[in-house]
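This report concerns only the one structure given below.
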Amino acid sequence: MQTYFVIALLVWSLSFATVESESFPPSLFCTGSLAKCSCSFVSGGLKVSCRRWTVDLPGNWPVFTNAIDFDGSTFKTVRSKAFSSAPYTRNIRLANGFITTLYSDSFRGLYKLTSLDLTNNKIYILPSFGAVSFVDVLVLTSNPLQCYCSRYSVP
């Protein structure tokens with residue numbers, strides 16, 4: 001029991017640690033399906049950039065990821081809880097791609113998210129997702145959005 005508590009305490013404390021670029025190379029944290037991505041340190045954490053990504057979004061984000069950039073990627077769906085392993089992410093850019101489907105919980109758990117860029121995709125219907133209420137900037141330009149105004153209360 002004590003071992004599990006010590007491990008949980010260590011993982012919890014690491015989530016608040018500031019990663020210094022002098023101590024660790026950013027590539028150390030981009031492993032597995034993220035190995036093909038470009039990883040760099042930005043203010044407040046790690047930026048994961050996977051431009052022109054051709055498969056589904058990975059699910060193994062480093063916990064201290066601050067920014068995610070999948071500009072020009074060809075995946076079509078942002079699955080449920082797609083970024084749940086990176087709860088401190090502030091900026092997500094999924095622009096210039098082929099996204100057609102978002103789920104109401106695609107961005108669940110991202111309470112630090114301030115900017116979500118979905119520019120120039122194929123999104124027709126925007127689900128009601130709770131995480132967006134925390135977003136300061138939501139960019140949806142150049143999407144073929146259809147308004148079902150009966151779903152919303154319009155003053």
Side-chain angles (χ1 to χ4, degrees), residues 7-8 10-12 14-21 24-148 151-152:
I7 292 171
L10 177 61
V11 170
W12 178 78
L14 286 175
S15 69
F16 294 102
T18 302
V19 178
E20 297 294 331
S21 59
F24 304 100
S27 59
L28 178 68
F29 303 102
C30 287
T31 59
S33 60
L34 293 177
K36 296 178 182 179
C37 300
S38 167
C39 295
S40 59
F41 291 107
V42 294
S43 177
L46 185 71
K47 178 179 180 179
V48 179
S49 183
C50 302
R51 295 182 172 228
R52 313 245 182 305
W53 191 258
T54 58
V55 294
D56 289 340
L57 282 167
N60 59 334
W61 306 100
V63 71
F64 53 87
T65 300
N66 180 283
I68 296 172
D69 185 358
F70 275 73
D71 186 58
S73 297
T74 60
F75 56 86
K76 295 181 179 181
T77 301
V78 179
R79 71 179 175 284
S80 295
K81 302 176 190 170
F83 305 98
S84 62
S85 63
Y88 304 107
T89 302
R90 293 187 177 276
N91 302 298
I92 296 179
R93 179 175 163 83
L94 304 174
N96 304 309
F98 294 89
I99 297 171
T100 59
T101 306
L102 299 169
Y103 292 98
S104 60
D105 63 350
S106 290
F107 303 99
R108 178 169 289 163
L110 297 177
Y111 302 111
K112 303 268 183 187
L113 190 63
T114 58
S115 175
L116 177 57
D117 185 352
L118 296 166
T119 302
N120 196 28
N121 277 285
K122 312 291 184 231
I123 301 168
Y124 287 93
I125 299 172
L126 191 64
S128 169
F129 28 69
V132 173
S133 64
F134 296 97
V135 175
D136 293 329
V137 178
L138 173 62
V139 185
L140 293 166
T141 56
S142 299
N143 276 289
L145 290 169
Q146 296 179 4
C147 179
Y148 295 100
R151 294 175 60 191
Y152 305 98

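T65 contributes atom OG1, which lies 12.0 Å from atom CG of N91 (distance to the nearest 0.5 angstrom). Between the CG atom in L126 and the CG atom in N143 there is a gap of 9.0 Å [rounded to 0.5 Å]. Rounded to the nearest 0.5 angstrom, K122 NZ and I99 CD1 are separated by 10.5 Å. With rounding to the nearest 0.5 Å, the separation of CG in N66 from OG in S43 is 7.0 Å. Within the model, atoms OG of S73 and CZ of R93 stand 10.5 Å from one another, a figure rounded to the nearest 0.5 Å. To the nearest 0.5 Å, atom CG of residue L110 and atom CD1 of residue I68 are 7.5 Å apart.
No side-chain heavy atom of W61 sits less than 4.5 Å from a side-chain heavy atom of T89.
Side chain to side chain, T114 and D136 fail the donor-acceptor criterion of an N or O pair below 3.5 Å. A donor atom on one side chain and an acceptor atom on the other are found under 3.5 Å apart for N120 and N96.
Put simply, the side chain of S38 never gets that close to the backbone of S49: no donor and acceptor are under 3.5 Å apart. D117 places no side-chain N or O within donor-acceptor distance of the main-chain N or O of A95, the cut-off being under 3.5 Å.
Taking every heavy atom of both residues into account, C30 and V48 meet most closely at SG-CG2, 4.3 Å. Residues C50 and L34 approach most closely at SG-CD2, 4.4 Å, considering heavy atoms. Residues R79 and P58 approach most closely at NH2-O, 3.0 Å, considering heavy atoms. Among all heavy-atom pairs drawn from N121 and L118, the shortest one is ND2-O, 3.0 Å. The shortest non-hydrogen separation linking V78 to Y103 is O-CD1, 3.3 Å. Looking at every heavy atom in both residues, P62 comes nearest to A86 through O-CB, 3.9 Å.
Classification of the F70-F75 ring pair by plane angle, with boundaries at 30° and 60°, yields perpendicular.
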In sequence, state the C-alpha distance, the side-chain angles, and the governing distance for D69 and R51, and then conclude on side-chain contact (heavy atoms from CB on, under 4.5 Å).
CA-CA 7 Å; D69 185 358; R51 295 182 172 228; 2.7 Å; yes
For F107 and I92: C-alpha separation, side-chain torsions, deciding distance, then whether side-chain contact (heavy atoms from CB on, under 4.5 Å) applies.
CA-CA 10 Å; F107 303 99; I92 296 179; 4.2 Å; yes
Derivation of the side-chain contact (heavy atoms from CB on, under 4.5 Å) call for Y124 and L145
CA-CA 4 Å; Y124 287 93; L145 290 169; over 6 Å; no
